[in-house]
Number of protein chains: 2
Amino acid sequence: MGKAAGETRDLAARDLALLATGRLRHAGLRPTRQRVELAGLLFRDMDRHVTAENLHAEVTAAGVKVSLATVYNTLHQFTEAGLLRQVIVDAARSYFDTNTGDHQHFFLETEGLLIDIPGESIEVAGVPAPPAGLAVDRVDVVVRVKRA
Amino acid sequence: MGKAAGETRDLAARDLALLATGRLRHAGLRPTRQRVELAGLLFRDMDRHVTAENLHAEVTAAGVKVSLATVYNTLHQFTEAGLLRQVIVDAARSYFDTNTGDHQHFFLETEGLLIDIPGESIEVAGVPAPPAGLAVDRVDVVVRVKRA
DNA sequence: CTCACAGTTTAGAACTGTTCTAACTCGTTG
DNA sequence: CAACGAGTTAGAACAGTTCTAAACTGTGAG
């Protein structure tokens with residue numbers, strides 16, 4: 001919003017937008033206003049876990065007008081482009097993770113909270129060969145936790 | 001559904017119903033016609049994986065009238081009673097597993113197919129201590145597979 | 001710089017799986 | 001076997017997500 005807000009914030013915002021734009025171009029996605037805004041929010045911090053509604057509320061709260069449909073579209077496009085990863089832990093809603101590397105999750109169901117577990121620390125042994133005609137695509141570990 | 005169908009089938013059906021009834025009583029659930037029918041289908045074979053719609057179709061196809069709402073109610077009651085376990089692998093629908101013991105799953109997403117992996121064979125090591133105030137409730141492993 | 005077009009966004013309708021509601025039925029206990 | 005509480009039901013309601021058709025916008029050509 002105002003130019004009077006000071007250079008620091010403006011520069012940071014500009015940098016963020018530039019970074020996001022580059023990232024989007026690399027992924028073969030047109031850097032539209034909406035995608036740049038969403039990418040800005042998503043990739044500003046590492047290891048974010050968002051739901052569609054969640055992210056829509058955030059971007060709206062930030063004063064940016066983006067429709068819920070676009071948030072869904074964007075999350076899926078980002079996922080397909082390898083910028084996000086979908087995490088399935090809850091039958092009710094879909095989570096998207098900005099950390100696309102090899103890792104697993106703690107999940108606190110009562111609060112819808114996801115926490116990363118580094119891939120190196122965890123190890124799954126003894127997975128049998130899948131039935132004939134099938135190949136392992138990915139191994140997901142969800143450590144469900146509760147308030148102690 | 002005639003009586004002429006032969007003793008073998010009739011006896012098996014009666015036994016099944018008796019078994020189901022006993023199981024329900026033990027779980028503190030009134031053995032209503034619907035619950036007995038559903039339990040009969042669910043626990044006739046080991047290691048079944050059903051969805052609500054799925055089971056509703058099956059019971060209906062078997063000529064038994066049970067509403068979808070009752071199927072949902074029953075699946076949840078059975079789960080609460082420890083007769084079933086809910087498996088979360090797909091954001092779109094809920095699966096229920098008749099195997100309540102310690103085990104994990106292969107999941108073939110394209111066909112909605114779940115296959116058990118015995119708990120003894122698989123081992124998850126290196127799970128870090130959960131963040132303060134949280135305790136591990138359960139560790140779920142989903143091996144996502146694809147047609148080779 | 002402008003135009004035109006393909007790609008994108010949007011509001012709202014539609015859809016899917018699940019839960020709720022209020023009336024009805026059934027199993028159990030006395 | 002009566003009566004009461006537990007269970008069932010059809011259909012409405014709901015949440016999250018996807019679809020649709022029309023409006024808009026980034027991009028590359030001229």
Side-chain angles (χ1 to χ4, degrees), chain A residues 17-18 20-41 49-60 64-81 83-84 86-96 109 112 114, chain B residues 17-18 20-41 49-60 64-81 83-84 86-96 109 112 114:
Chain A
L18 278 184
T21 301
R23 220 190 255 263
L24 290 175
R25 276 206 220 288
H26 265 267
L29 295 167
R30 252 206 242 179
T32 64
R33 175 178 66 81
Q34 292 84 338
R35 298 216 266 235
V36 171
E37 293 284 1
L38 291 173
L41 286 178
H49 303 95
V50 303
T51 62
E53 306 261 8
N54 196 326
L55 181 60
H56 181 243
E58 185 179 349
V59 74
T60 299
V64 180
K65 259 198 81 182
V66 179
S67 75
L68 184 55
T70 295
V71 172
Y72 274 104
N73 289 340
T74 303
L75 286 173
H76 288 143
Q77 291 153 355
F78 283 13
T79 299
E80 228 168 302
L83 265 38
L84 290 178
Q86 193 164 4
V87 184
I88 297 174
V89 285
D90 189 330
R93 73 196 96 263
S94 278
Y95 288 82
F96 294 84
E109 187 168 19
L114 274 173
Chain B
L18 278 183
T21 301
R23 221 190 255 263
L24 290 175
R25 283 224 156 78
H26 265 267
L29 295 168
R30 258 207 238 179
T32 65
R33 175 177 66 80
Q34 293 85 337
R35 298 216 266 234
V36 171
E37 293 283 2
L38 291 172
L41 286 178
H49 303 95
V50 302
T51 62
E53 307 261 8
N54 197 327
L55 180 61
H56 181 243
E58 185 179 349
V59 75
T60 299
V64 180
K65 258 197 81 183
V66 180
S67 74
L68 184 55
T70 295
V71 172
Y72 274 103
N73 289 340
T74 304
L75 285 174
H76 288 143
Q77 291 153 357
F78 283 13
T79 299
E80 229 168 303
L83 266 38
L84 290 178
Q86 192 163 5
V87 183
I88 295 173
V89 284
D90 189 329
R93 72 195 95 262
S94 278
Y95 288 82
F96 293 85
E109 187 168 20
L114 273 173

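Everything quoted here is computed from the prediction, not taken from an experiment.
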Separation of dT9(C) C1' from L75(A) CG (nearest whole Å): 15 Å
Residues that F96(A) engages under ring-ring contact (aromatic ring centres under 6.0 Å, His included), provided they are two or more places apart: H76(A)
Closest approach of L38(A) to V71(A) (non-hydrogen atoms, all atoms of both residues): CD1-CA, 4.3 Å
CG-CG distance between D90(A) and L114(A), expressed to the nearest 0.5 angstrom: 9.0 Å
Whole angstrom value for the distance that separates C1' of dG17(C) from CG of L55(B): 15 Å
Inter-residue atom distance R33(A).CZ - K65(A).NZ, 0.5 Å rounding: 8.5 Å
d(CD, E37(A); P, dG26(D)) in whole Å: 12 Å
CD/E80(B): more than 12 non-hydrogen atoms of other groups inside 6.0 Å: no
Atom-pair distance (CG on L24(B); P on dT28(C)), nearest Å: 11 Å
Between P of dG28(D) and CZ of R25(A), the distance in whole Å: 8 Å
Trace of the side-chain contact (heavy atoms from CB on, under 4.5 Å) decision for Y72(A) with H56(A): CA-CA 9 Å; Y72(A) 274 104; H56(A) 181 243; over 6 Å; no
Evaluation steps, side-chain contact (heavy atoms from CB on, under 4.5 Å), between N54(B) and Y95(B): CA-CA 10 Å; N54(B) 197 327; Y95(B) 288 82; 5.6 Å; no
Trace of the side-chain contact (heavy atoms from CB on, under 4.5 Å) decision for T21(B) with R25(B): CA-CA 6 Å; T21(B) 301; R25(B) 283 224 156 78; 3.3 Å; yes
Identified stems (criterion: three or more consecutive Watson-Crick or G-U pairs, under 3.5 Å), DNA chain D: C:1-30 with D:1-30
B/S/- contact track for nucleotides 8-17 of chain D, protein heavy atom under 4.0 Å: SBB-----SB
